[in-house]
Each structure stands twice: as structure tokens, then as C-alpha cells.
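Below is one structure, written out as C-alpha cells; comments come after it.
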Amino acid sequence: MSLLNKIYLAQRNAGEDAVIANLERMGLVQPRQTPQHDLLGRCLSVISTLEGEDTDEQGLLDELQHDIKQVMGITPLVPGSLI
């Protein structure tokens, strides 16, 4: 394969990745599973089983759980809640 063909192939692949990323951001296709996504899912399941010692700790756990869900694209069923 010539260098020019390799460049065309790389450009095409980059364009496809950009289109897929835009469709994922718009919610038109399911996000691709990545090792990071899987790790965040495991962290979320552990965090959901923890209870804070006091209201400050629980508040921090709730915020962390909310942030992870936001990164993963999980939207709460009830706006402003964690579920």
C-alpha cells in the first residue's frame, strides 16, 4: 500500500470516528464501550453500596455518583435526583 493510500485511509477513519462521536454526543447512537466506561460502571456500582458516616461524607458520595453518571451519559429519571 502506497503512502498516499495510507494517508487516505487514515483520513477516512478519522472522519468516521468524528461522525460516530458526534452521533454519540447527540444521543442518536449508543456510546461505544471502552475500558474506561467499564471501569466507571464498576466504580458506580461500588459507590452505590456505600453509606457515608455523616451527612458531609454522604454528600460527597452522592456528588461523586452524580458526576460518574454524567460522564457515562446516564440521565436521572427524576431531574435533580440520583436515580
Side-chain angles (χ1 to χ4, degrees):
M1 181 181 289
S2 72
L3 178 59
L4 190 56
N5 285 341
K6 289 179 182 179
I7 291 171
Y8 288 143
L9 182 62
Q11 287 176 325
R12 188 202 69 200
N13 291 344
E16 288 175 357
D17 288 341
V19 169
I20 291 169
N22 283 332
L23 291 173
E24 288 173 348
R25 275 193 292 279
M26 293 187 302
L28 298 175
V29 296
Q30 290 293 324
R32 293 173 278 189
Q33 296 295 325
T34 62
Q36 294 84 1
H37 191 273
D38 294 339
L39 178 61
L40 285 173
R42 289 176 37 211
C43 291
L44 188 60
S45 74
V46 170
I47 290 169
S48 66
T49 64
L50 300 175
E51 291 186 24
E53 293 286 323
D54 55 34
T55 56
D56 290 338
E57 262 186 18
Q58 189 60 48
L60 291 172
L61 287 170
D62 291 345
E63 286 177 27
L64 182 58
Q65 188 175 13
H66 176 268
D67 291 347
I68 291 173
K69 285 183 178 183
Q70 189 174 10
V71 168
M72 292 179 69
I74 300 171
T75 55
L77 298 174
V78 179
S81 74
L82 294 175
I83 60 169

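Values below: every heavy atom of this structure, side chains too, minus hydrogens, waters and symmetry copies.
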Interatomic distance, [X] atom [atom1] to [Y] atom [atom2] [nearest 0.5 angstrom]:
X     : Y     : atom1 : atom2 : answer
Ser48 : Asp62 : OG    : CG    : 11.0 Å
Thr34 : Leu40 : OG1   : CG    : 7.5 Å
Asp67 : Lys69 : CG    : NZ    : 11.5 Å
His66 : Ile68 : NE2   : CD1   : 11.5 Å
Leu60 : Gln58 : CG    : CD    : 9.5 Å

query: In terms of hydrophobic clusters joined by side-chain contacts under 4.5 Å, are Leu44 and Leu64 together?
result: yes
query: In the single-linkage hydrophobic clustering (I, L, V, M, F, W, Y; side-chain heavy atoms under 4.5 Å), do Val71 and Val29 co-cluster?
result: no
- prompt: Would one find more than 12 heavy atoms of other residues, nucleotides or ligands at under 6.0 Å from atom CD of Glu16?
  reply: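 Buried by this count: over 12 neighbours within 6.0 Å.
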task: State whether the number of non-hydrogen atoms from other residues, nucleotides or ligands found under 6.0 Å of Arg12 atom CZ is greater than 12.
output: yes
task: Scan Asp17, Asn22, Leu23 and name whichever one has a side-chain contact (heavy atoms from CB on, under 4.5 Å) with Val19.
output: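 So the option named by the test is Leu23.
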message: In the structure I gave you, are the side-chain heavy atoms of Asp54 and Glu57 within less than 4.5 Å of one another anywhere?
response: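 Answer yes - side chains close enough.
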For Tyr8, the rest of its hydrophobic cluster, which grows through side-chain links under 4.5 angstrom: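 In the cluster with Tyr8 are Leu4.
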